[in-house]
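First the structure, in the form of structure tokens, and then the observations on it.
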Amino acid sequence: MQSILNQFYTLGSFEKDENGLFSAKISLNKDHDIFKGHFPGNPVTPGVCMMQIVKELTEEFTGKSLFLKSASNVKFMAIINPFETPDLLVQLQISENDEEVKVKNTTSFGETIALKMSVNYRKL
């Protein structure tokens with residue numbers, strides 16, 4: 001998998017259930033340089049990085065290169081501290097047509113939902 005977030009996270013496993021829901025288990029790299037600046041002494045996973053992870057996983061699941069067209073209902077609901085909660089479950093409901101891919105995402109750790117969003121990507 002190609003990633004612009006070089007060594008930011010690792011993909012542990014992924015699967016598709018009988019309802020078409022994709023689930024990926026990822027682990028954040030707490031030692032990544034991003035966390036040294038965001039924020040020193042109180043590391044927080046940047047929202048834009050979480051959005052990029054969703055895009056990269058969608059590309060992995062669909063086998064398509066994608067470009068973010070729009071995002072709506074983006075809700076960051078909990079802080080993701082890579083030292084406290086590095087292991088995340090990223091769930092993607094993916095639908096596509098000839099030109100675009102639509103995704104509804106929920107990202108969580110344990111019982112806590114950290115991110116919910118709907119995004120549209122244009123196929124490249």
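Sequential numbering from 1 along the given sequence is applied to the chain's residues.
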ask   = What pair of heavy atoms forms the shortest contact from Glu96 to Thr62, and how long is it?
value = OE2-CG2, 3.9 Å
inquiry  = Is there a continuous path of hydrophobic side-chain contacts, each under 4.5 Å between heavy atoms, that joins Phe109 to Phe76?
reply    = yes
ask   = Which distance, rounded to the nearest 0.5 Å, do you find between the CD of Glu100 and the OG of Ser70?
value = 7.5 Å
task = Enter the distance from Leu92:CG to Lys104:NZ here, rounded to the nearest 0.5 Å.
result = 13.0 Å
ask   = Do Leu88 and Leu11 belong to the same hydrophobic cluster, where Ile, Leu, Val, Met, Phe, Trp and Tyr are linked whenever their side-chain heavy atoms lie under 4.5 Å apart, directly or via other members?
value = yes
key: Exercise: identify the closest heavy-atom pair between Ile113 and Ala78   = O-CB, 3.8 Å
task = Over all heavy atoms of both residues, which pair between Asn6 and His32 is shortest? Give the atoms and the distance, please.
result = O-NE2, 2.9 Å
ask   = Could you state the interatomic distance from NZ (Lys30) to CG (Asn81), rounded to the nearest 0.5 Å?
value = 11.0 Å
request  = Report, as yes or no, whether the 6.0 Å neighbourhood of atom NZ on Lys64 holds more than 12 heavy atoms from other residues, nucleotides or ligands.
outcome  = yes
key: Beyond-backbone contact of Ser23 with Asp17, side-chain heavy atoms, under 4.5 angstrom   = no
Which atom of Tyr9 lies closest to which atom of Glu56, heavy atoms considered = OH-OE1, 2.6 Å
query = Less than 4.5 Å apart, any side-chain heavy atom of Lys123 and any of Leu66?
reply = yes
inquiry  = Using a 3.5 Å distance criterion without hydrogens, assess whether the side chain of Asn105 forms a donor-acceptor pair with backbone atoms of Gln91.
reply    = yes
query = How many angstroms lie between atom OG of Ser95 and atom CG of Asn97, to the nearest 0.5 angstrom?
reply = 8.0 Å
request  = Quick one: closest heavy-atom pair of Met51 and Tyr121, and the distance?
outcome  = O-OH, 4.3 Å
ask   = Taking the six-membered ring for Trp, are Phe22 and Phe61 parallel (under 30°), tilted (30 to 60°) or perpendicular (over 60°)?
value = parallel
key: Those residues that, when tested against Asp33, pass salt bridge (charged side-chain N to carboxylate O under 4.0 Å, His left out) (two or more places apart)   = Lys36
remark   = side chain to side chain contact (heavy atoms under 4.5 Å, CB included) test vs Leu28 passes for just one of Thr10, Ile53, Thr85, namely Ile53
inquiry  = Tell me which one of Thr106, Thr107, Val54 satisfies side chain to side chain contact (heavy atoms under 4.5 Å, CB included) with Met117.
reply    = Val54
message = For the CG atom of Leu5 and the CD atom of Gln7, what is their distance to the nearest 0.5 Å?
response = 11.5 Å
message = In this structure, would Ile79 and Phe39 fall into the same cluster of hydrophobic residues linked by side-chain contacts under 4.5 Å?
response = yes
message = Atom CZ of residue position Phe83 - does it have more than 12 heavy atoms of other residues, nucleotides or ligands inside 6.0 Å?
response = yes
ask   = Among pairs that include at least one residue of residues 71-91, which meet salt bridge (charged side-chain N to carboxylate O under 4.0 Å, His left out), considering only residues two or more places apart or in two chains?
value = none
request  = Using the rule that two of Ile, Leu, Val, Met, Phe, Trp, Tyr join whenever any of their side-chain heavy atoms come within less than 4.5 Å, decide whether Val74 and Val101 are in one cluster.
outcome  = yes
request  = Look at the side-chain heavy atoms of Ile, Leu, Val, Met, Phe, Trp and Tyr, link any pair under 4.5 Å apart, and say whether Ile34 and Val90 land in one connected group.
outcome  = yes
message = So which atom in Lys69 and which in Arg122 form the shortest heavy-atom distance, rounded to 0.1 Å?
response = CB-N, 4.2 Å
